[in-house]
There are 2 protein chains.
Amino acid sequence: MTAGSAPKWRRLEPDERREQIFTCAAELFGERPYAAVSTGDIAARAGVARGLINHYFGTKRELYLAVVRRALTLPPSAVATLPDGSLTERTDAAVDWFLDMVSKQQKTWLAAITPEGIGRDEEVERILDEADREAAGLVLEAMGFDRGDERWEQLIAIVRTYAGMVKAASREWLDRETLNRGQVHTVLSHVLRTLVADVIPRARNQSE
Amino acid sequence: MTAGSAPKWRRLEPDERREQIFTCAAELFGERPYAAVSTGDIAARAGVARGLINHYFGTKRELYLAVVRRALTLPPSAVATLPDGSLTERTDAAVDWFLDMVSKQQKTWLAAITPEGIGRDEEVERILDEADREAAGLVLEAMGFDRGDERWEQLIAIVRTYAGMVKAASREWLDRETLNRGQVHTVLSHVLRTLVADVIPRARNQSE
DNA sequence: CCTCCTCTTGACACTTCGCCAACAAGCGGC
DNA sequence: GCCGCTTGTTGGCGAAGTGTCAAGAGGAGG
């Protein structure tokens with residue numbers, strides 16, 4: 001009791017506070033579905049007044065979208081070095097690189113791609129869409145395709161189809177633990193090779 | 001004004017009313033995300049008092065789960081006749097059958113498999129899981145595997161991985177319209193054939 | 001026509017959300 | 001070292017949503 005001037009709360013830089021709230025929100029949204037997380041919960045975990053959340057993020061939903069956006073934005077390390085070599089070597093390397101990345105981010109990423117039961121959310125879909133498109137582009141380039149390809153959009157679509165399998169495989173490996181890493185690698189690289197070698201050439205001739 | 005006894009509301013059989021509310025809820029949950037649909041909205045569309053929803057379904061969430069459950073339960077016609085023949089014939093037939101089914105249910109099914117951004121919902125995941133498992137089992141049997149196989153769980157896992165691709169492909173076809181039916185068919189049947197012929201035999205030797 | 005069963009309503013208590021005016025932390029001037 | 005101003009932060013209000021429950025009313029049966 002030397003001095004009776006202990007501040008009730010500490011004043012932070014806006015970016016700092018914003019980030020702190022964001023982190024707490026990300027944790028909670030990762031644990032429970034959107035509707036089961038109240039702004040009160042988030043404020044409590046961050047140790048701030050509820051109103052502050054609206055001050056920084058406007059709306060609960062906007063905060064949620066911010067969390068989703070960041071969770072799905074792949075780290076810059078994404079632009080990894082892709083080896084030249086045979087098709088098999090390249091697909092193997094790509095899948096390996098991907099599995100490494102996922103096993104690190106594990107928890108966040110898994111939560112981010114978990115399918116919700118029903119009910120379309122335009123905004124969220126657009127974010128997911130953009131992230132997938134980005135990833136698909138990287139994979140295609142790693143496989144030796146050119147961004148200027150006349151059928152680029154079609155190629156993207158096919159790889160995005162593959163991305164659905166990648167996500168499902170990751171869940172089997174990390175979440176359900178029904179497959180081990182080696183098995184997942186086998187599945188994903190075989191399929192990727194099939195796509196590049198057999199499917200894409202054929203699909204090109206099926207445009208209406 | 002012949003008789004002043006026009007009833008304010010009509011009394012229905014419980015099953016009938018329940019079904020009516022359920023239908024309206026399914027529509028709304030298909031249009032907007034869970035949190036953006038209020039029980040008031042549902043009651044309004046059904047033309048009943050809000051309290052009646054709780055009477056029949058207990059909770060908004062329970063109603064939602066009921067909708068999800070039904071949307072994902074494949075119709076009994078699922079047990080279609082699977083032809084004998086070469087592997088290629090069988091995979092082609094399976095994919096065709098599936099695409100037919102999807103193009104009918106289209107809207108509902110698409111909404112049901114749409115991924116939400118983040119936030120895991122145990123209950124919903126379990127329902128999705130069960131539906132996938134069911135479907136995977138049918139596919140495996142159609143491909144000539146036996147439910148008594150020593151590695152049945154592993155096979156299921158691999159096919160479930162494939163199911164992720166099937167869903168993504170359906171979205172590209174019906175929703176984004178970046179691939180046509182023929183292309184989707186090509187992609188899916190090739191991959192399925194690769195899985196059965198190449199991947200599954202190898203993965204068997206990779207169990208830890 | 002009256003009675004009773006039960007389907008249905010409407011209101012109450014409680015939680016959550018967005019808004020905003022008032023408060024105070026703590027840096028800079030004197 | 002004290003004071004004043006900027007602005008990060010609080011706390012409470014009003015609107016909206018949810019679950020509960022006792023009371024009300026449809027309509028079949030006697």
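Just so you know, these numbers come straight off a predicted model, no measurement behind them. Numbers restart at 1 for each chain; the letters A, B, ... are given by sequence-line order, proteins then strands.
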**Study point:** N/O donor-acceptor pair under 3.5 Å between A:R120 side chain and B:A111 backbone
**Key:** no
Check your understanding: With under 30° as parallel and over 60° as perpendicular, where do the rings of A:Y64 and A:Y34 fit, or are they tilted in between?
Key -> perpendicular
Point to revise | Pairing stems for DNA chain C [at least three consecutive pairs; Watson-Crick or G-U; under 3.5 angstrom] | key: C:1-30 with D:1-30
Review point. Taking C-beta and beyond as the side chain, do B:D96 and B:R181 meet within less than 4.5 Å on heavy atoms?
Key: yes
**Study point:** B:R17 to B:Y56 six-membered ring, cation-pi geometry met (6.0 Å, 45°)
**Key:** no
Point to revise | Under 4.0 Å protein heavy-atom contact, by nucleotide of nucleotides 4-17 of chain D - B base, S sugar-phosphate only | key: --BBBBBB-----S
Check your understanding: Is the closest basic N to carboxylate O distance between B:D198 and A:R193 below 4.0 Å?
Key -> no
Review point. Taking B:R171 for the side chain and B:I113 for the main chain, is one N or O donor matched with an acceptor at less than 3.5 Å?
Key: yes
Study note, to complete from the structure: Partner of A:K60 under side chain to side chain contact (heavy atoms under 4.5 Å, CB included), picked from A:N54, A:T39, A:I53, is A:T39
Review point. Hey, does B:R160 have a side-chain heavy atom less than 4.5 Å from the side chain of B:D129?
Key: yes
Practice item. Answer yes or no: is there a donor N or O on one side and an acceptor on the other, between the side chain of A:N180 and the main chain of A:Q183, under 3.5 Å? Key: yes
Practice item. Under 4.0 Å from any heavy atom of chain B: name the first and the last nucleotide of DNA chain C that qualifies, 5' to 3'. Key: C:dC5 to C:dG10
Point to revise | Main-chain N/O of A:A136 paired to A:Y162 side chain as donor or acceptor, under 3.5 Å | key: no
